Engineer: 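One structure is given below, represented as structure tokens, and several questions about it will come after.
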Amino acid sequence: MTHPQLATASSIDKGIVVLYLVLSFAVGLLASRFLSRRGKQTEAQQGLGERRPAADDSAADNEEEYYLAGRRIPGWMNGISYAITAMNADVAPTYCGFAVVVGLPIAFFYLPRFALAWMIAAMLFAIRWRQLGVRTGPEFYAIRFDKTRSRFVRVYSALFAVTVNMIPWIGAGMLGVHKIFSPLFSEIDATAASLGVEPKVVTLSIILPILVIYVWASGFAGVLITDILQSLIIVAANVILLALVLQQFGGPTGLATAIEQARPAESGEILAAWPAWGHRVLAPMVVLMWLIVPTVGRGGSVDLEGQRIFSCRSDRDAAKMNVWAVGSLFGILLLLTLPALAVIANHPEMYLAEPGIRETAYSLLLGDYLPVGLLGIALAALLASVMSTIDSHLNYGAQTLVNDVLRQIAPQASWLRPGSGSALWTGRLLMLVILGCAIIVTYNADSLIGIAITLGGMYGAVATLYWGQWWWWRVNFWSWLTAMVGGPVVYLTLGWALSQWPWWAEQAAASESAAQGMAMLQAAIGMGLTFVAWVTVTVLTKPEAADTLKHFYRVARPMGIWGPIREACLAEADADWSPPPSGLLMGGLAVAMLGATWISAAVIGLGVLCVGRYGEAAAYLGVAIVGGLGFRTAFNWHLQRMDASD
């Protein structure tokens, strides 16, 4: 993928980027000290400022401070941080590339992937995760499974998360950094090349020290504060770009007219609010696959979002986190993709482009509209999205390796004692190990979207178990083993087997877009096969020990099929414990669907507003307002039933 406009970046643009790097560095270093001081003041006001053990005197030596910012972060801050973390290096070229070959219905590329999934996580899981009191996602298994097996489960789950989910994304992020900034350092690259030095070495040696130092020094607090800064930069850059686009065409109606003139035969599907049947890239069947694969299992297991949930100051804030996240993410994606409609008007041939060409749409957009200075802001926004992804993965990856790998392998090691300075230093060193592995990915990868599709398939293969382990008491260690170990094997084997089927191979060979659609279908099939496999194993094997299940039920108060365990706990319960109310699962699903509906209506309404269909926009936004008010009431009702703290 090329970025023609980057080659002409002026000295002013480069200076703006450097200023952004310096600002991020300074803010990251100051963030931890600011939040730590604020937290201590709050504790003192509440009478909680008692003397801590010596190992905890310094925020830098306290794991709660370093990895969870003292568990006092408001939901809105965690939500915005999580949203910007989802904006990796592939987002701008991929989403804008889809926008130029889909048009206004591009919203249906991200609405199915995030709206319902993140609302389900908010309404059914966030509160329960926070109430468990754990620090990481894999720590869940110490409560859910028998202790003789949970140690292995924690180690495997943590290593799976770091190696399959985190390291490839960090590698993709650094590859994105190189793609964005290599043209800026072209003179240095040329000198390095004459000395036999790889251009990627130049890029990473300039960017990574700044990133690592502030993550190393400030911990999760630095991640949060810099994420807010990065969000502001991204929003500002996209608002400016959209304003310039609308100004050129004389407003929303002018933009729609220009598209109709550029592609008269396809203008109906380009400007439609919903995807057209039979569309070559985003047909309804593809939308359905993007709904199923990312949604199923969402919330039943956590990694980066878990860190946001655990660090929230209350149960209510934990639920709000995902709501803020989906709203923030959709706002950013809407501002990113709407200006791409101008590419269809100015470069009508792009509407029929294949992925390798269409991913240059963002480059064309920047080159067409951004003058000197504003281009620097856009470049800083691109870097912001990448840095947020990298710093979040580094921080959480180090935490889970210490908590769920090293402490399980060496439980008596004094140097791993929670809260000790040596444990914190171990985590910091592990950041470098994770970063080193990610650099290997960077040097051996050239395709960002390929990484995303593969990771989506690997996640989908095991996703059904994540709901099962919360919602069905019969799920046991053997269920987990079948899904977590067997699922990826099923997915990879399925890819080989399907490629041998002539019909499948013919469909995938039709175009790059068709190949990506078939890859998502492969992920859905793999999900179904793995689901049948682990359910069969569950039925044929014994459940976990009764005492383990009863303890989990009392602590986690899960929803779903827990009848026998519920009855056993009721028979033994004391006056201080009560089971979750009936109908909680279906009620939460209903509230989640209402939340996904109103926010989707808002996105569609703002989209049609941007092309001058004001009456239609008013109808969608009216639905969004009514639905939003209804969601607010239902949200509070559901949280009350969940016994959420304020």
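No hydrogens, no waters, no symmetry mates; every other heavy atom, side chains included, goes into these values. Please read these numbers as outputs of a predicted model, since none were measured by experiment.
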Engineer: Test Thr400 against Asp303 for side chain to side chain donor-acceptor pair (under 3.5 Å), laying out the working first.
Structural biologist: CA-CA 9 Å; Thr400 193; Asp303 43 57; over 6 Å; no
Engineer: Main chain of Tyr466, side chain of Arg298: is a donor-acceptor contact present, judged purely on distance under 3.5 Å?
Structural biologist: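 Checking the backbone N and O of Tyr466 against the side chain of Arg298, no donor-acceptor pair under 3.5 Å is found.
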Engineer: Looking at Glu139 and Arg144, is there a salt bridge between them, counting it only when a charged N and a carboxylate O are closer than 4.0 Å?
Structural biologist: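 Glu139 and Arg144: not salt-bridged.
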Engineer: Could you check if a side-chain atom of Ile170 sits within less than 4.5 angstrom of a side-chain atom of Leu394, using non-hydrogen atoms only?
Structural biologist: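 Counting from C-beta outward, Ile170 and Leu394 do come under 4.5 Å.
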Engineer: Any side-chain heavy-atom pair from Leu366 and Leu241 closer than 4.5 angstrom?
Structural biologist: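 Heavy-atom side-chain distance check passes, below 4.5 Å.
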Engineer: Quick one: does Thr163's side chain have a donor or acceptor within less than 3.5 Å of a partner on Leu159's backbone?
Structural biologist: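 Checking the backbone N and O of Leu159 against the side chain of Thr163, a donor-acceptor pair under 3.5 Å is found.
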Engineer: Any side-chain to backbone donor/acceptor pair from Gln307 onto Arg135? Under 3.5 Å, distance only.
Structural biologist: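 Not at all, since once roles are kept as given, no pair shorter than 3.5 Å links the two residues.
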Engineer: Looking at side-chain heavy atoms only, is the closest gap between Val323 and Met119 below 4.5 Å?
Structural biologist: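 Answer yes - side chains close enough.
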Engineer: After noting the C-alpha distance and the side-chain angles of Ser81 and Asn78, does the key distance pass the side chain to side chain donor-acceptor pair (under 3.5 Å) rule?
Structural biologist: CA-CA 5 Å; Ser81 171; Asn78 268 322; 5.4 Å; no
Engineer: So that I can tick it off, tell me whether Asp227 and Arg308 are bridged by a salt bridge, with the cut-off set at under 4.0 angstrom between side-chain N and carboxylate O.
Structural biologist: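 So Arg308 pairs with Asp227 through a salt bridge.
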Engineer: Could you tell me whether the side chain of Arg151 and the main chain of Ile409 form a donor-acceptor pair under 3.5 Å?
Structural biologist: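 No; zero donor-acceptor contacts below 3.5 Å.
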Engineer: Run through Tyr95, Phe330, Phe114 and flag the one making a ring pair (Phe, Tyr, Trp, His ring centres under 6.0 Å) with Phe109.
Structural biologist: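 Checked Tyr95, Phe330, Phe114 against Phe109; only one passes ring pair (Phe, Tyr, Trp, His ring centres under 6.0 Å): Tyr95.
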Engineer: Could you give the distance from CG (Asn238) to CG (Leu338), rounded to the nearest 0.5 Å?
Structural biologist: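 If we round to the nearest 0.5 Å, Asn238:CG and Leu338:CG are 10.0 Å apart.
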Engineer: Hey, does the side chain of Trp129 reach the backbone of Gly299 with a donor-acceptor pair shorter than 3.5 angstrom?
Structural biologist: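 Side chain of Trp129 to backbone of Gly299, a donor-acceptor pair under 3.5 Å: yes, one is there.
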Engineer: Going by heavy atoms in the side chains, are Val302 and Glu305 under 4.5 Å from each other?
Structural biologist: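 In contact.
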Engineer: Starting at CG of Asn403, measure out to OG1 of Thr136 and round the result to the nearest 0.5 Å.
Structural biologist: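 Result: 4.5 Å between the selected atoms.
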Engineer: Output yes when a side-chain donor or acceptor of Trp470 lies under 3.5 Å from a complementary backbone atom of Gly300, and no otherwise.
Structural biologist: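 Checking the backbone N and O of Gly300 against the side chain of Trp470, a donor-acceptor pair under 3.5 Å is found.
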Engineer: Under a 3.5 Å distance rule, please check whether Ser157 uses its side chain to pair with a backbone N or O of Arg154 as donor and acceptor.
Structural biologist: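 Not confirmed, Ser157 side chain does not pair with Arg154 backbone.
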Engineer: Tell me whether Ser150 contacts the main-chain N or O of Ala142 through its side chain, where contact means a donor paired with an acceptor under 3.5 Å.
Structural biologist: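 Not a single qualifying donor-acceptor pair exists.
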Engineer: Has Asp315 got a side-chain atom pairing as donor or acceptor with Ser645's backbone, closer than 3.5 angstrom?
Structural biologist: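 Yes, because the side chain of Asp315 sits within donor-acceptor range (under 3.5 Å) of the backbone of Ser645.
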Engineer: Given side chains that start at C-beta, do those of Pro74 and Arg313 come closer than 4.5 Å, heavy atoms only?
Structural biologist: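 Yes. Closest side-chain heavy atoms under 4.5 Å.
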Engineer: Test side chain to side chain contact (heavy atoms under 4.5 Å, CB included) on Val462 and Tyr491; report intermediate values, then the result.
Structural biologist: CA-CA 10 Å; Val462 303; Tyr491 170 73; over 6 Å; no
Engineer: With the side chain counted from C-beta on, respond yes when Thr295 and Arg113 share a heavy-atom pair under 4.5 Å apart, and no when they do not.
Structural biologist: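 They are not in contact (no side-chain heavy atoms under 4.5 Å apart), so the answer is no.
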Engineer: To the nearest 0.5 Å, tell me how far Leu364 CG sits from Tyr369 OH.
Structural biologist: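 Atom-to-atom, Leu364:CG and Tyr369:OH are 10.5 Å apart.
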Engineer: Indicate, with yes or no, if the rings of Tyr110 and Trp290 have centres closer together than 6.0 Å.
Structural biologist: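 No - the distance between ring centres of Tyr110 and Trp290 does not fall below the 6.0 Å cut-off.
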Engineer: Side-chain contact test, heavy atoms from C-beta onward, threshold under 4.5 Å: evaluate it for Ile228 versus Trp76 and give yes or no.
Structural biologist: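 Side chain of Ile228 against side chain of Trp76, heavy atoms only: contact under 4.5 Å found.
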Engineer: Does any part of the side chain of Val155, heavy atoms only, come nearer than 4.5 Å to the side chain of Asp404, both counted from C-beta?
Structural biologist: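 SC-SC contact between Asp404 and Val155 ruled out.
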Engineer: Could you measure the distance from the CG atom of Leu329 to the CG atom of Asn322? Nearest 0.5 Å is fine.
Structural biologist: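 Between Leu329 CG and Asn322 CG, I get 11.0 Å after rounding to 0.5 Å.
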Engineer: Checking Tyr141 against Gln469: is there a side-chain donor and acceptor pair closer than 3.5 Å?
Structural biologist: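 A pair is found: one side chain offers a donor N or O, the other an acceptor, under 3.5 Å apart.
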